[in-house]
Amino acid sequence: MPTVSSRLKGHWRQPSVLPGFGLTFGLSLAWLTLIVLIPLATIFLKSAGMGWHDFVAVGFSDRALAAYRLSFGTAAAAGLVNAVFGLLVAWVLVRYAFPGKQVVSALVDLPFALPTAVAGIALTALYAPTGWIGQYLDPLGIKVAFTPLGIIVALVFIGLPFVVRSVEPVLADLGKEVEEASATLGASRFQTFTRVIFPAIGPALLTGFALAFARGVGEYGSVIFISGNMPGKTEIAPLLIVTQLEQYAYDGATAIATVMMLASFAILLLINWLQAASRGRAGA
Amino acid sequence: MNRTRSTTENRLTQASLIAAALAFLAFFLLLPLIAVFSEALEQGFGAFADAVNNPDALAAIRLTLLIAMISVPLNIVFGIAASWAITKFSFPGKSLLITLIDLPFSVSPVVSGLIFVLLFGAHGLLGPWLAEHDVKIIFAVPGIVLATVFITFPFVARELIPLMMEQGKDDEEAAVSLGANGWQTFWHVTLPNIRWGLLYGVLLCNARAMGEFGAVSVVSGHIRGETNTMPLHVEILYNEYDFVGAFAVASLLALLALVTLVARSVLEWRFDLHHEGARH
């Protein structure tokens, strides 16, 4: 809390002996405003200038609605796959010892480091009907590349580290005492997992899912190669924005981007709320 | 590792869980990585070398390096300034500032490019004024730099804020009370404490700056030899069915990713060492 004298002098921050607040805070705020806030505001400004009727006509056209359904649906499906396997990977990395664990742990971050376009063409090479994996799936009637399933595969690749890195620290911090207590009280290992461990890591798992989901909804580079890009069928929302831009349909691109951004911000708020809730739980 | 039988799984369950996790990772992460190198070298090393040693490919490599050399230092300065303000002082609205710094993470790369087209493009807000003064931003290098800086904006700050928060400000306060000025305090006290975290943030920032596709694709205009970065060049070659060429350039980017991952592991090891040392 600011002291009385600092309030009298008009200081809005707590006084400190360290120098550089004005410089660093001013620089951060100026850079943030110039690079992030003003450019992002342009989108809302342009949307507001369109008028509600025009905005709905292009932002919620049949083609746009199909793209939202596809983007949000595949991102949710990939998020669920990652929630299951991300938890498994995090569990194995935290709890068990096996040779090459260091390498495996480093590999988990590959999707953060590998450019999305590289991931996109590599996955397409694997899952195309003649590809390494696709040639075995094709006779079974399973088509991955150029279908929504291919989009899910790409988004599983992109989203995995979000879940693993969200769950890992919480799992590592989980005290052995609660598990011992649970076992002492007669719970089986499976009961201990479902009743004790799972509730404790639930918020972190949900955060990881939300992060992977949010990333998946906006993902572009890894998806466009494998998706086939058929309007209404395998055309994701970010691709529709690019298509609109290439046709100089700036209003259409802006309206779709606005809808997607509002959805992303809603997800971001949800993540923050989840994190606050899980912190409150941990502190209790 | 002295878990009793009641708080761990039997060996068979352990082995099958490990096998399932490794199989999943092999399928979804390792195989794509192998595919990149295998496709790049499919027609031998000569074809690979020719694809990389092509004027358009070399121009793309040069442009990618230039973009990273401009945008990474800008984000280092911003990241350090923001972390200093956030971790060394208390002021209202701090958590809002942290949320705003994270904002670019939750925006689609395509939208990140679009906002700069709407601002500086021919039909954008400032388009007519820029055309009048003969300044080209969109479909030129400045636009690519802007989009890259936007995309990589949170990387360094995100790495430094938790680290500097944990380290507190006692060291800096001691230095200042002993008569050091701000720069001396930062240079001799803070920087040595945060160097590994900073380096890790810079590595991630650099990997993303060199590899960014969606945002750059929207603002670049795909002019061969001029505004094509490496990821965009990969796309063009791939769409022209020049798969060896596409995967050859892609394999250079995959190498960059591998170097980043190895450096990360090494840094994590150094970090642990550093923390251990600090405790004694």
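Sequence lines set the chain letters: A, B, ... in the order given, protein chains first and strands last, and positions in each chain run from 1.
Heavy atoms of Ser83(B) lying under 4.5 Å from chain A are absent altogether. Using a 4.5 Å cut-off between heavy atoms, Leu126(A) contacts chain B through its side chain alone, with no backbone atom that close. Neither the backbone nor the side chain of Leu204(B) comes within less than 4.5 Å of any heavy atom of chain A.
When each of Ile256(A), Leu27(A), Leu107(A) is scored by its heavy-atom pairs under 4.5 Å with chain B, the top score falls to Leu107(A). Taking Ile133(A), Ile241(A), Leu245(A), Leu40(A) one by one and counting their heavy-atom pairs under 4.5 Å with chain B, the maximum is reached by Leu40(A). With chain B as partner, the option from Leu37(A), Val156(A), Val92(A), Leu18(A) having the largest number of non-hydrogen pairs under 4.5 angstrom is Leu18(A). Chain B forms more heavy-atom pairs under 4.5 Å with one residue of Phe157(A), Phe190(A), Phe193(A), Tyr248(A) than with any other, namely Phe157(A).
Taking the six-membered ring where the residue is Trp, the centroids of Phe89(B) and Phe25(A) are separated by 6.0 Å or more. Here the two rings, on Phe85(A) and Phe28(B), have centers that are 6.0 Å apart or farther.
Relative orientation of the Phe213(B) and Tyr220(A) rings is parallel, given thresholds of 30° and 60° on the angle between their planes.
When all heavy atoms are compared, the tightest approach of Val110(B) to Pro238(A) is CG1-O, 3.6 Å. Nearest heavy atoms, Ala35(B) versus Ala122(A): CB-O, 4.4 Å.
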